[in-house]
Amino acid sequence: MKVFAVPVDFNTPFPRELFDIISPERRNRLSEFRRKEDKIRGLLSELLVRLVLDLYYGIHSHQIHIIINGFGKPFLKNLPLHFNVSHSGKWIVAAVDDQSVGIDIEKIEPIDYQKISRSFFSNEEYTFIMDQQKQDQLMSFYSIWTGKESYLKATGQGLSVSLNSFSVCNDSGKIISNVSPGNEEWHLQSYNISPEYHLTVCSPSAVFPDKPVLFTLEEVIGHFVCKS
Ligand SMILES: CC(C)(COP(=O)(O)OP(=O)(O)OC[C@H]1O[C@@H](n2cnc3c(N)ncnc32)[C@H](O)[C@@H]1OP(=O)(O)O)[C@@H](O)C(=O)NCCC(=O)NCCS
């Protein structure tokens with residue numbers, strides 16, 4: 001597995017030709033987004049995937065056809081690789097592997113974690129958060145949130161699965177799930193790419209990279225503008 005991240009500066013000019021590189025479906029979807037930030041995040045998430053498939057797997061952009069499952073998870077058609085992307089605030093992140101993978105990044109905001117976790121998380125997760133020292137509770141909440149999201153994205157079920165139907169076992173870094181068939185075991189790995197964000201990856205494998213590969217925005221844009 002490989003994990004990749006790129007920070008976005010929303011004031012950077014984005015050449016129009018970048019929109020010709022992404023799939024027509026995404027281009028149509030992005031044209032309906034009102035907010036410039038959402039358009040840019042949506043553009044860059046596919047560009048990041050196309051960039052890393054080219055650089056690390058030798059798969060050129062024209063060989064990439066993205067299809068989407070019934071729950072919204074994108075897959076690579078006719079290629080033996082899986083990927084997943086996530087975006088929050090200024091970060092776009094992606095994971096690529098030869099098996100299912102899910103990734104979630106969230107910007108840490110001072111939200112009412114007690115109310116949200118009591119309403120939507122399992123009892124074990126709520127108790128886990130509230131057992132932490134007060135100053136650590138918000139981070140524990142985000143750790144569980146991104147763990148749950150990354151699991152739902154790894155399985156591809158998204159929010160068709162209720163959030164309190166499974167628990168993330170935070171101590172061991174494993175997920176205990178009563179929703180996946182065959183009692184599969186899933187594993188989580190968090191990365192600290194910025195103190196203001198929490199990033200977690202979920203995989204059937206317990207082997208994760210030590211750290212994400214960081215790209216600059218200029219590297220991502222330059223790769224396509226120069227080559228196209
Ligand atoms: C869509 C969902 C899978 C992730 O949403 P999110 O956390 O808001 O967004 P992220 O940035 O992490 O991920 C978005 C990407 O996930 C991918 N994705 C969409 N549906 C997916 C699915 N079912 N499985 C895996 N990946 C999916 C897409 O590539 C999407 O990016 P794109 O639209 O640019 O292609 C879904 O879980 C959701 O709507 N979550 C809402 C958040 C929430 O309520 N969380 C509760 C706390 S646990």
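Worth saying up front: this structure is predicted, and the values here are computed from it rather than measured. Both backbone and side-chain heavy atoms feed into the values below; hydrogens, waters and symmetry mates do not. First listed ligand is number 1; within each ligand, the first listed atom is number 1.
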Indicate whether [atom] is within a distance of less than 4.0 angstrom of some protein heavy atom.
atom: atom 45 (N) of ligand 1; value: yes
atom: atom 1 (C) of ligand 1; value: no
atom: atom 9 (O) of ligand 1; value: no

**OP:** State yes or no: are the ring centers of Y197 and Y142 separated by less than 6.0 Å?
**Re:**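 Between Y142 and Y197, which both carry aromatic rings, the centre distance is not below 6.0 Å.
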Original post:
When the aromatic ring centroids of F141 and F121 are compared, is their separation below 6.0 Å?
Top reply: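 Distance test on ring centres: under 6.0 Å, yes.
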Is it the case that [X] and [Y] place a side-chain donor and acceptor less than 3.5 Å from each other?
X: T200; Y: S150; value: no
X: Y113; Y: Q137; value: yes
X: S194; Y: E196; value: no

Original post:
Is L53 linked to L214 within one hydrophobic cluster, defined over Ile, Leu, Val, Met, Phe, Trp and Tyr using a side-chain heavy-atom separation of less than 4.5 Å?
Top reply: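 No; tracing contacts between hydrophobic side chains, which count when under 4.5 Å, never links both residues.
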Original post:
Linking I/L/V/M/F/W/Y whenever their side-chain heavy atoms sit closer than 4.5 Å, directly or via other members, would I40 and I221 fall into one cluster?
Top reply: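 Yes, same cluster.
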Which atoms from ligand 1 have a heavy atom of [X] less than 4.0 Å away?
X: D104; answer: 7 (O), 12 (O)
X: G158; answer: 23 (N)
X: G156; answer: 22 (C), 23 (N), 24 (N)
X: H87; answer: 11 (O), 31 (O), 32 (P), 34 (O)
X: R26; answer: 32 (P), 34 (O), 35 (O)
X: V85; answer: 13 (O), 15 (C), 16 (O), 29 (O), 31 (O)
X: F71; answer: 20 (N), 21 (C), 22 (C), 23 (N)
X: S45; answer: 34 (O)

Subject >> Distance from atom 14 (C) of ligand 1 to nearest protein heavy atom, with residue and atom >> reply: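 The answer is K153 NZ, 3.8 Å.
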Subject >> Salt bridge D38-R35, side-chain N to carboxylate O under 4.0 Å >> reply: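 Result for this pair is yes, salt bridge flagged.
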If we set the cut-off at 4.0 Å for heavy atoms, which region of [X] has an atom near ligand 1: side chain, backbone, both, or neither?
X: P74; value: side chain
X: N84; value: side chain
X: N69; value: neither

With nothing but distance in play, are any N or O atoms of [X] less than 3.5 Å from an N or O of ligand 1?
X: F121; answer: no
X: E149; answer: yes
X: Q157; answer: no

**OP:** Nearest 0.5 Å please: distance from the CE atom of M139 over to the CD1 atom of I129.
**Re:**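 The CD1 atom of I129 is 12.0 Å from CE of M139, to the nearest 0.5 Å.
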Close approach of [X] to ligand 1, heavy atoms, under 4.0 angstrom:
X: E106; answer: yes
X: G102; answer: no
X: R41; answer: no

Original post:
Who's closest to atom 24 (N) of ligand 1 heavy-atom-wise, of K73, K148, E125?
Top reply: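 Considering heavy atoms of K73, K148, E125, the nearest to atom 24 (N) of ligand 1 sits in K73.
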**OP:** Would you indicate whether D210, at its atom CG, is surrounded by more than 12 heavy atoms from other residues, nucleotides or ligands within a distance under 6.0 Å?
**Re:**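 At most 12 heavy atoms, drawn from other residues, nucleotides or ligands, come within 6.0 Å of this atom.
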Ignoring hydrogens and angles, write down the donor-acceptor pairs under 3.5 Å from the side chains of residues 72-85, residues two or more places apart or on other chains.
residue, atom, partner, partner atom, Å
K73, NZ, V101, O, 3.1
K73, NZ, K153, O, 2.8
K73, NZ, A154, O, 3.0
N84, OD1, I103, N, 3.0

Return all side-chain donor-acceptor pairs below 3.5 angstrom for residues 88-99, not counting sequence neighbours, or 'none' if the list is empty.
residue, atom, partner, partner atom, Å
S88, OG, K107, N, 2.9
D97, OD1, M1, N, 3.4

**OP:** Would you verify whether the NZ or CZ of K36 falls within 45 degrees of the ring axis of F10 while also being under 6.0 Å from that six-membered ring's centre?
**Re:**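 No - K36 does not lie over the ring of F10 by the 6.0 Å and 45° rule.
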